[in-house]
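Reminder, nothing fancy here: chain letters follow the sequence lines and each chain counts from 1. The figures that follow rest on heavy atoms only: side chains count, while hydrogens, waters and symmetry mates do not.
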Protein chains: 2
Amino acid sequence: MKNTIKQLKEYLINHNIKPSTIRLKVLEYLLNNRIHPTADDIYKNLLPQIPTLSKTSIYNTMELFANNGVVKILSFDGKEAHYDVNTELHGHFKCRRCGIIYDFNVPFDIPIPNELKEFDVKEVDINFYGICHKCNKQRGQEM
Amino acid sequence: MKNTIKQLKEYLINHNIKPSTIRLKVLEYLLNNRIHPTADDIYKNLLPQIPTLSKTSIYNTMELFANNGVVKILSFDGKEAHYDVNTELHGHFKCRRCGIIYDFNVPFDIPIPNELKEFDVKEVDINFYGICHKCNKQRGQEM
DNA sequence: CTAAATGCAAACGGTTTGCAATGCT
DNA sequence: AGCATTGCAAACCGTTTGCATTTAG
């Protein structure tokens, strides 16, 4: 909706990715549905539009996207991968009740700890777990 | 070595776990090998002492330990679980080259971000990825 | 003797693989 | 035609399951 096909193509080309039908559809989906979807989410959503679609292609596409900085791969509790089009540094909160993944700003500069002074830190994951405010309210009513 | 069987038993009982042969051996291994082992690491290490040991028992034990605060389950990049007997809040650095997992102190109070003010945060994971100093040195020599 | 702990084998689920089919220029 | 993209089916691997067997109090 928000992005023209031309814009999507440019976006991929800027990330050194040849635009193909599937890649454009996946990108469009990711940009319009910022819910940290799984491979299965993406697959299920695009299947009606691309009846010949395979999961393999989703995985191929996501690996390509990850390697070219289009998405960051998230995982929580060692479970299935989620994909985040927002590759800027930020934290995630995963609700253990409803499963929704919330973004939050890391409201502090993350200092490299002394122990890691000579380490080459390339990536930082900050994941919180618990119960989100919506589920907290519901839980309150139940009791 | 460091811990008598009596001490190990007490440790489990304090965590509301009935001491069994396997549980004691696993605990002993964890306390003496603080390398964030996987289920397979633990299994392989104990097999010589307990020839009838099964992986299922390792998984059962680790789930019990996790539920009773004896270990924290770690996972990196969505891969196999690692188990940490140190359940105090601290961060981890995983070297993408040698695979070693380093601990570090989180040298800052982690403020709950505004976005999560009404959230019930129960767990915090802080994982860094990159190349550790040992591998950095090696890499320097190679080139 | 009973209940809990352990072990076996099969199933599971997400992901990866090898290779064939298809599409694009 | 030739190379990249896509799709299929099978393999893979860590984990979980159901149930039978063993162990310990």
*Asks:* Which nucleotide wins on minimum distance to the side chain of T56(B), given the candidates dG7(C), dA4(D), dG7(D)?
*Replies:* dG7(C)
*Asks:* Look at the side chain of N45(B) and the backbone N and O of D41(B), then say whether any donor-acceptor pair between them is shorter than 3.5 Å.
*Replies:* no
*Asks:* Can you check whether S57(A) has a side-chain N or O nearer than 4.0 Å to OP1 or OP2 of dG7(D)?
*Replies:* yes
*Asks:* Please compare I22(A) and A81(B) by the position of their nearest nucleotide in DNA chain D and report the one closer to 5'.
*Replies:* I22(A)
*Asks:* Of the options dT5(D), dG7(C), dT16(C), whose atoms approach the side-chain atoms of T52(B) most closely?
*Replies:* dG7(C)
*Asks:* Please determine, for the side chain of T21(B), which listed nucleotide (dA24(D), dT5(D), dT15(C)) has the closest atom?
*Replies:* dA24(D)
*Asks:* Checking R34(B) against D84(B) for the salt bridge (Lys or Arg N to Asp or Glu O under 4.0 Å) test, could you report, in this order, the C-alpha distance in whole Å, the side-chain angles of both residues, the deciding distance, and whether it holds?
*Replies:* CA-CA 7 Å; R34(B) 293 164 174 273; D84(B) 196 344; 5.9 Å; no
*Asks:* Quick one: is the NZ or CZ of K55(A) closer than 6.0 Å to the six-membered ring centre of Y43(A), and within 45° of its axis?
*Replies:* yes
*Asks:* Of the options dG14(D), dT6(C), dA4(C), whose atoms approach the side-chain atoms of E80(B) most closely?
*Replies:* dG14(D)
*Asks:* Between the side-chain atoms of S54(A) and the base atoms of dC8(D), is any donor-acceptor pair under 3.5 Å?
*Replies:* no
*Asks:* For atom CD of E63(A), decide whether the heavy atoms of other residues, nucleotides or ligands shown that lie under 6.0 angstrom number more than 12.
*Replies:* no
*Asks:* On DNA chain C, check which nucleotide each of T61(B) and K79(B) is closest to and give me the residue with the more 5' one.
*Replies:* T61(B)
